[in-house]
Amino acid sequence: MGPISRLRNRAHPTHLLRDGRSDGHEQSARRGADPGRGGVAAVSEVYEPRVIEERWRNVWRASGAFSADVERPGKKFYYLNMFPYPSGYLHVGHGRNYVIGDSVSRFHIMRGYNVLNPMGWDAFGLPAENAAIERGMHPREWTMKNISHAKEQFRAWGIEYDWDREVATCEPDYYRWTQWLFLRLYQHGLAYKKRASVNYCPDCETVLANEQVVGGVCERCGAAPVPRNLDQWFFRITDYADRLLEGLADLRWPEHVKKMQENWIGRSEGAEITFEVGSGHEIVVFTTRPDTIWGATFMVLAPEHPLVDELTTPDRREEVESYRAAAARASEIERAATDREKTGVFTGSYARNPVSGAEMPVWIADYVLTTYGTGAIMAVPAHDQRDFEFARAFGLPVRVVIRPEGEPEISADDLTEAVPALGVMVDSGPLTGTPAHMAMGHTIAHLEEKGVGRAAVAYRLRDWLISRQRYWGAPIPIVYCDRCGTVPVPEEDLPVLLPDVAYIGKMGLADIPGYADTDCPSCGGSARRDTDTMDTFVDSSWYFLRFVSARDGSQAFDPDRANAWLPVDLYVGGVEHAILHLLYARFVTKALHDLGYLAFEEPFERLFSQGMVCHTAYRCPQHGWVYPKEAEGGRCSQCGAELETAYFSMSKSKRNVIDPSEIIDRYGADTERLYTLFMGPPDRDIEWTEEGIRGAWRFLNRLWQLVVAQLPCVRSAPGPVVQAELDTEGRALRHKLHATIRKLTEEFEGRLGLNTAVAALMELTSEISEYCARPEPDLRLVAEATRNLVLLIAPVTPFLAEELWHRMGGSETVLRCPWPGVDPEALEVSEIELPVQINGKLRARLRVSASAASDPAALERAALDDANVRGHLEGKSVVKLIAVPGKMISIVVK
RNA sequence: GCGAAGGUGGCGGAAUUGGCAGACGCGCUGGCCUUAGGAGCCAGUGCCCUCGCGGCGUGCGGGUUCGAGUCCCGCCCUUCGCACCA
């Protein structure tokens with residue numbers, strides 16, 4: 001059968017099969033069309049993903065296409081997915097992240113880039129430890145099991161990495177260098193120890209960083225943390241607050257992620273002002289509103305403020321002590337409640353307002369936080385809502401010192417709420433009458449002159465608490481010696497190994513007999529090791545550097561290689577890491593830059609946050625979340641109660657995850673990948689539906705049938721297309737082909753609108769099919785179109801593309817084929833259809849030559865010549881005529 | 001409360017630079033094929049009507065423009081982040 005008759009048959013494949021094929025073919029054709037029935041056909045004219053996917057699973061790795069040539073970066077592309085914590089298994093929602101990355105990497109490999117796309121495991125940490133405890137396993141065992149399972153899942157998915165560079169943060173080869181990082185920071189004063197009140201999670205039995213307390217509860221387990229005083233290690237990230245803020249400007253990151261980091265750093269400009277207390281003590285406050293100082297009528301200290309003891313007069317002591325004790329007991333969740341009544345007690349002392357001389361009672365109250373600013377405030381009730389509420393609750397004086405511009409003066413007695421707006425200073429001694437835009441500057445100058453204040457900046461960001469009292473993490477490489485004090489473990493003695501003990505449940509290194517006993521590296525006497533491990537965010541704060549030197553036993557990373565390969569060109573991951581991980585990674589990069597290891601300051605040039613995959617979840621009022629199979633007819637299979645349904649991001653706890661193996665077994669990995677990319681814009685949340693996946697499956701079948709039908713044509717190598725010999729339809733198809741090449745190239749390199757890229761491939765497939773069904777298609781064009789179609793879809797559906805490519809006669813992996821180039825000649829058009837608007841309404845379409853389309857005068861003539869247009873103009877006069885070359889013609893009539 | 005993102009057919013979404021709204025897919029309707037259909041193929045599918053060379057239409061109300069999903073002003077709703085940060 002010749003190519004042309006095959007082409008025509010393509011439009012009616014069932015006829016084709018009935019006419020000329022054996023029953024066996026028909027059977028397999030039906031199997032192919034209904035993936036549910038399974039079975040292996042001997043001859044595969046039908047699309048059988050199970051067969052072809054297994055055929056190609058190992059070739060890509062063997063081909064070396066995913067092994068970066070790190071020594072010679074050349075035209076490099078460093079792609080990185082946020083490495084996962086190896087949980088039990090990956091669902092299709094996790095898969096989205098990796099499918100995007102795999103497709104983008106395959107595209108860049110085909111484009112000829114030297115692609116570095118490594119993978120590793122964020123293996124230390126509480127989740128692994130807790131999961132292992134539940135199963136009575138050692139966390140190492142649990143972690144290793146999960147890693148090997150996840151790698152098997154990646155293989156089935158067709159997701160490839162440069163596995164020679166695999167790292168796991170729980171391996172001594174890796175955490176040795178995490179400890180090295182700690183020591184470097186310590187040596188340069190960026191790691192320090194202090195006794196601090198910390199959030200302790202009673203369930204997780206560990207200290208949490210401020211950042212891990214979300215909404216007043218433990219981010220991991222939801223328990224309410226209790227305050228505790230412990231000696232803890234901190235990283236001095238606040239030293240970098242300004243640079244972390246400024247560095248955001250030039251990054252190609254989603255705006256909302258930048259904003260979140262900005263808010264987290266929380267830079268506020270203002271002033272520090274010193275207030276004298278009668279007893280000779282001084283209270284220093286931070287304020288963003290120095291211009292309101294004449295309105296400060298009392299002072300408030302945080303209950304934990306160090307001066308409280310000394311300022312408390314004997315008659316107030318009992319009350320103050322009991323308030324402080326209550327505040328210390330109160331959990332974060334209680335203190336964070338914003339809508340509760342203001343509480344506080346008077347210390348008995350008075351401070352003097354340095355500008356007005358007014359006497360100001362000093363109170364303590366828990367609405368002032370010890371961790372922000374100086375832990376003390378001047379209270380200006382007229383112009384700060386919190387101070388206003390406090391003043392009204394305790395009958396303290398209110399003094400108005402600002403008149404908002406363009407508004408009448410306010411009387412303190414009439415106030416029902418504070419007036420925070422900027423304005424003209426009133427009742428402010430020598431500065432009375434200063435307008436809003438000068439108020440801050442003049443007040444600060446005035447304070448400096450009097451020697452009682454200066455401009456200052458405060459940050460919401462706190463130093464990074466890294467100590468954890470748990471087993472499964474990198475031990476802190478510090479020794480305490482009675483004679484030498486705090487002694488860092490010498491670099492050559494690293495790693496400080498996690499003791500190899502049979503795992504017994506929740507514990508820290510302090511619970512392991514003998515672990516702490518050691519010799520002082522300095523004097524050789526007996527000493528004790530630090531028994532804490534590091535926060536896992538330390539592990540992940542530098543892993544992107546390790547990938548360039550993954551097997552290097554002599555250093556954490558080779559600085560030359562790092563400088564050649566980083567910053568990461570494209571970093572893809574979930575928005576849940578928008579603040580902490582990304583901020584810490586940026587901090588460590590800047591610190592290593594300052595220490596001379598790195599030439600660059602920002603680790604991730606471009607960041608892309610993929611959206612989550614949602615799926616229907618069912619909830620029974622009695623039994624909680626139930627699996628879809630327990631939700632027959634919308635009723636609970638256990639109790640028959642009506643179920644609530646809603647869409648949620650996939651999670652085990654909501655029992656709404658889809659296991660990729662179910663989809664891959666039934667439809668193949670390519671269908672899963674295609675659907676994942678097609679169902680919506682990669683940066684938005686999307687809904688997984690069974691119907692949707694069938695659409696992807698149908699498309700791949702159509703594409704497969706089309707290409708298979710054209711194989712004889714492609715193999716006969718009919719030669720290059722001669723543009724001049726194409727007829728109208730041929731030119732149209734070739735135009736479409738090259739527009740699609742351009743479209744895909746732009747999407748992969750630019751905005752990553754992979755859903756529209758897939759849509760473009762669907763359109764192209766349909767147009768090729770239609771063209772092939774014509775009586776006499778140009779075989780050279782058919783060959784060009786089908787070959788390129790296969791190349792274009794290769795990053796998305798690699799198995800199918802590889803199979804078809806080889807059937808076309810390709811010998812090397814499709815990854816080694818150059819990505820198709822755009823032929824500008826194919827994109828030229830001879831004729832174009834332009835809309836004509838009359839009074840803003842679409843009234844006609846005009847077919848004009850390309851040359852006329854670019855000439856406004858010709859367009860005007862053509863429009864006025866058009867019969868349709870003339871009909872609409874009858875009896876009216878043309879007021880205005882606008883011809884936009886190549887776009888449209890707009891006519892205004894009266 | 002503050003900040004950000006979003007609101008387009010029955011559904012997911014497209015329209016990338018102010019220029020033909022609804023690409024592509026799902027679903028639905030009709031037809032073909034079939035012993036059968038939770039398979040496949042073909043066609044149709046924004047809404048309304050008086051069925052036309054018609055009217056309306058991108059959360060709501062205004063505005064700019066020859067022309068607005070897109071820009072401006074004012075609201076409403078949804079989601080996310082922060083939230084006593086002085």
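Only a predicted model underlies this, so the values are computations on that prediction, with no experimental measurement involved. So that the names make sense, note that chain A is the first sequence line, chain B the second, and so on, each numbered from 1.
With pairs defined as Watson-Crick or G-U wobble and both atom distances under 3.5 Å, the stems of at least three pairs that touch RNA chain B come out as B:1-7 with B:76-82, B:10-12 with B:24-26, B:27-32 with B:40-45, B:46-48 with B:54-56, B:59-63 with B:71-75.
Rounded to whole Å, the P atom of B/G44 lies 25 Å from the corresponding atom of B/G38. Of the C1' atoms belonging to B/U17 and B/G9, the separation is 27 Å, rounded to the nearest Å. When the P atom is used for both B/U70 and B/U58, the distance is 9 Å, rounded to whole Å. The gap from the P atom of B/G74 to that of B/G25 amounts to 42 Å, rounded to the nearest Å. B/A86 and B/G69 are spaced 43 Å apart, taking the C1' atom of each and rounding to whole Å. Look at the P atom in both B/G40 and B/A21: the space between them is 34 Å, to the nearest Å. B/U45 and B/C26 are spaced 13 Å apart, taking the C1' atom of each and rounding to whole Å. A gap of 23 Å separates the C1' atoms of B/G67 and B/C60, to the nearest Å.
Rounded to whole angstrom, the span from the CG atom of A/L301 across to the C1' atom of B/A86 amounts to 13 Å. Rounded to an integer number of Å, the gap from A/K736 NZ to B/A23 P is 12 Å. To the nearest angstrom, P of B/C26 lies 11 Å from CZ of A/F699. Note: CZ (A/R289) to C1' (B/A86) measures 11 Å, nearest angstrom. In this structure, A/E389 places its CD atom 14 Å from C1' of B/A83, rounding to the nearest Å. Between the CG atom of A/N839 and the P atom of B/C66 there is a distance of 12 Å, rounded to whole Å. At whole-Å resolution of the value, CZ in A/R460 and P in B/G81 are 13 Å apart. Distance A/L677 CG to B/G25 P: 16 Å, rounded to the nearest Å.
If A/I891 and A/T288 are placed on RNA chain B by their nearest nucleotide, the residue sitting closer to the 5' end is A/I891. Each of A/G692 and A/Y459 has a nearest nucleotide on RNA chain B; the 5'-most of these lies closest to A/G692.
Taking the salt bridge (Lys or Arg N to Asp or Glu O under 4.0 Å) definition, one finds that A/R454 meets it with A/E272, sequence neighbours left out. Every ring-ring contact (aromatic ring centres under 6.0 Å, His included) that A/F394 has, sequence neighbours left out, goes to A/W363, A/F390. Under the rule for a ring-ring contact (aromatic ring centres under 6.0 Å, His included), A/W253 has no partner lying at least two apart in sequence or in another chain. The salt bridge (Lys or Arg N to Asp or Glu O under 4.0 Å) test applied to A/R289 returns A/D291, not counting sequence neighbours. Evaluation of the side chain to side chain donor-acceptor pair (under 3.5 Å) rule for A/S766 yields no partner, not counting sequence neighbours. Listed by chain and number, the residues in a salt bridge (Lys or Arg N to Asp or Glu O under 4.0 Å) with A/K259 are A/E262 (sequence neighbours excluded). Residues passing the salt bridge (Lys or Arg N to Asp or Glu O under 4.0 Å) test with A/D670, sequence neighbours excluded: none. With sequence neighbours excluded, no residue forms a side chain to side chain donor-acceptor pair (under 3.5 Å) with A/N755.
No side-chain donor-acceptor contact under 3.5 Å links A/D683 to the backbone of A/G611. Between the side chain of A/R399 and the main chain of A/A382, no donor-acceptor pair closer than 3.5 Å is present. Looking at A/R50, its side chain does come within 3.5 Å of a backbone N or O of A/D665 through a donor-acceptor pair.
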> How would nucleotides 4-19 of chain B be written as a contact map, 5' to 3', with B for base contact, S for sugar-phosphate-only contact and - for no contact, using protein heavy atoms under 4.0 Å?
Replying inline: S-------BSSSB--B
> Reading nucleotides 47-64 of chain B from the 5' end, what letters show protein touch, with B for base, S for backbone sugar-phosphate only, - for no heavy atom under 4.0 Å?
Replying inline: -------SSS--------
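Between A/R698 and B/C24, a side-chain N or O to OP1/OP2 separation shorter than 4.0 Å is absent. For B/G25, one of the phosphate oxygens OP1 or OP2 lies less than 4.0 angstrom from a side-chain nitrogen or oxygen of A/R702.
Note on ring orientation: taking the six-membered ring where Trp is involved, the planes of A/Y47 and A/W704 are tilted (angle from 30° to 60°).
The residue A/E262 sits apart from the nucleic acid: no heavy atom pair falls under 4.0 Å. Residue contacts shown for A/T689 are absent, as no nucleic acid heavy atom lies under 4.0 Å away.
Across B/C66, B/A23, B/G27, the shortest atom-to-atom separation from the side chain of A/E763 is found for B/A23. Of the listed nucleotides (B/A86, B/C84, B/G25), B/G25 has the atom at the smallest distance from the side chain of A/M762.
Residue pairs that meet the salt bridge (Lys or Arg N to Asp or Glu O under 4.0 Å) test with at least one member in residues 739-752 of chain A, sequence neighbours left out, are A/R111-A/E749, A/K743-A/E747, A/E747-A/R751.
Because its glycosidic torsion is within 90° of 0, B/C53 is reported here as syn. Here B/G69 is in the anti range [glycosidic angle more than 90° from 0].
Side-chain atoms of A/Y372 and A/R462 form no donor-acceptor pair, as typed in the model, at a separation below 3.5 Å.
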